[in-house]
Amino acid sequence: MFDLSGKVVLITGASGGIGSAIARKMKKIGARLILSGTRENVLDKLSTEIGGDTKTIVTDLSSKEDIMNLATEAENCFGHIDILINNAGITADTLFIRMKDDDWDNVININLTASMRLTRQVIKGMLKRKYGRIIFISSIVGYTGNPGQTNYSASKSALIGLTKSIALEVAARGITCNLIAPGFISTPMTDKLTDEQKSKIIVNIPVNRLGDVEDISNGCIYLASDESSFITGTTLHINGGMSMI
Ligand code: NAP
């Protein structure tokens with residue numbers, strides 16, 4: 001149904017569970033891809049598997065310089081960027097009372113500040129060409145909060161204000177800016193949970209399962225497509241009914 005033929009997509013966190021699923025799905029519907037992450041071997045393997053017009057750029061999003069290089073190199077890959085997926089994210093869970101400054105700073109820096117910095121660079125080309133799709137990957141816990149995840153929840157909540165404000169600034173220029181808020185999805189990030197923790201979560205998911213990475217990539221292609229041109233500044237919640245916000 002959706003067609004991204006020829007569209008150039010930059011995906012951060014492409015070496016991870018959700019990012020690689022977005023890459024595979026977008027390639028199937030014609031996109032040209034730039035895959036970013038820190039693990040070169042994983043990116044290379046994915047790029048070989050996907051094939052075609054796929055480039056990889058190794059980036060540490062904790063480095064301002066790396067982010068500037070990523071934006072420049074990505075523009076140079078195919079001449080421009082149509083779609084930016086700010087997907088990279090980390091956790092450093094601990095109870096609030098025990099949270100160290102480093103746990104706070106690292107999570108805010110990767111999940112929020114790096115996404116802002118990259119978007120601020122990439123949006124310049126979108127403004128010139130009067131076309132763009134920007135998608136941030138937030139989280140259900142950015143809306144509900146979660147014990148042990150004050151830093152992560154705060155970073156994901158902050159993306160909501162960032163998205164809405166960017167959306168308002170660029171809406172008249174053919175650029176949309178939206179969020180996807182996944183619920184609990186089976187990926188290396190949630191593999192860290194124990195079976196007991198997973199069972200407790202599933203009890204609260206009306207569809208009675210954790211989400212699959214494809215559930216997220218399906219939502220992502222909609223927000224990246226031309227069909228979603230009247231949708232901006234909003235959140236697509238993909239959580240199996242866990243939280244009907
Ligand atoms: P994942 O498999 O752990 O992937 C995380 C990705 O972020 C990896 O590709 C990783 O790259 C990249 N990344 C981490 N630190 C980085 C850094 N300093 N520089 C550059 N890249 C960095 O996690 P996931 O589950 O796919 O999560 C993807 C997004 O969805 C995240 O924003 C996460 O918060 C969000 N989310 C996930 C869930 C879930 O249930 N899984 C739920 C809600 C929201 P390398 O591995 O190459 O370092």
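Indexing begins at 1, ligand by ligand and atom by atom, following the structure's order.
When non-hydrogen atoms are compared, ligand 1 lies under 4.0 Å from the backbone of Asn87 as well as from its side chain.
Thr59 and Ser36 are linked by a side-chain donor-acceptor pair at a separation below 3.5 angstrom, with hydrogens and angles left out of the test.
Nearest protein heavy-atom contact of atom 4 (O) of ligand 1 is Gly16 CA, 3.4 Å. Considering only non-hydrogen protein atoms, atom 10 (C) of ligand 1 sits nearest to Ser15 OG, 4.0 Å. Of the protein's non-hydrogen atoms, the one nearest atom 42 (C) of ligand 1 is Gly183 O, 3.0 Å. Of all protein heavy atoms, the one lying nearest to atom 14 (C) of ligand 1 is Ile90 CG2, 3.5 Å. From the protein, the heavy atom lying nearest to atom 44 (C) of ligand 1 is Ser138 O, 3.2 Å. Of the protein's non-hydrogen atoms, the one nearest atom 20 (C) of ligand 1 is Thr59 O, 3.2 Å. Looking at atom 33 (C) of ligand 1, its nearest protein heavy atom turns out to be Tyr152 OH, 3.4 Å. Among protein heavy atoms, the minimum distance from atom 37 (C) of ligand 1 is reached at Ile18 CD1, 3.7 Å.
Residue Asp191 places its CG atom among more than 12 non-hydrogen atoms of other residues, nucleotides or ligands, all under 6.0 Å distant.
Classification of Arg98 and Asp103 as a salt-bridged pair fails, no side-chain N sitting under 4.0 Å from a carboxylate O. Salt bridge status for Lys7 with Asp226: present, with a side-chain N to carboxylate O gap under 4.0 Å. For the pair Arg24 and Glu49, the salt-bridge criterion is met [side-chain N within less than 4.0 Å of a carboxylate O].
For the pair Asn109 (side chain) and Thr113 (backbone), a donor-acceptor distance under 3.5 Å is absent.
The residue from Ser139, Ala14, Gly89, Ser20 that puts a heavy atom closest to atom 5 (C) of ligand 1 is Gly89. Counting heavy atoms only, Pro182 comes closest to atom 43 (C) of ligand 1 of the residues Pro182, Gly13, Gly211, Ser36. Here atom 25 (O) of ligand 1 lies nearest to Thr187 when heavy atoms of Ile185, Leu193, Thr187, Val213 are compared.
By the 30° and 60° cut-offs, the orientation of the rings of Tyr143 relative to His237 is perpendicular.
Close contacts of ligand 1 with Phe184, meaning ligand atoms under 4.0 Å from a residue heavy atom, involve 40 (O). In the vicinity of Asp60, heavy-atom distances shorter than 4.0 Å reach the ligand 1 atoms 17 (C), 18 (N), 19 (N). Below 4.0 Å from some heavy atom of Ile110 lie the following atoms of ligand 1, by number and element: 18 (N). Remark: ligand 1 atoms within the under-4.0 Å shell around heavy atoms of Gly37 are 47 (O).
In terms of polar-atom proximity, defined here as any N/O pair under 3.5 Å, Thr38 does make such a contact with ligand 1. By the 3.5 Å distance cut-off applied to N or O atoms, Leu61 is counted among the residues near ligand 1. Ligand 1 has an N or O atom lying under 3.5 Å from an N or O atom of Gly17, backbone or side chain.
Using a 4.5 Å heavy-atom threshold, the side chains of Leu84 and Ile135 count as separate. Within the 4.5 Å cutoff, side-chain heavy atoms of Ile134 are placed close to those of Phe136.
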Pairs under 3.5 angstrom only: tabulate donor-acceptor contacts from the side chains of residues 173-184 to other protein residues two or more places apart or in another chain.
from	atom 1	to	atom 2	distance (Å)
Asn178	OD1	Gly233	N	3.1
Asn178	OD1	Thr234	N	3.0
Asn178	ND2	Ile231	O	2.9

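With sequence neighbours excluded, no residue forms a salt bridge (Lys or Arg N to Asp or Glu O under 4.0 Å) with Asp66.
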- request: Would you please test Lys100 and Asp105 for salt bridge (Lys or Arg N to Asp or Glu O under 4.0 Å) and show each step?
  value: CA-CA 9 Å; Lys100 300 201 168 43; Asp105 291 344; over 6 Å; no
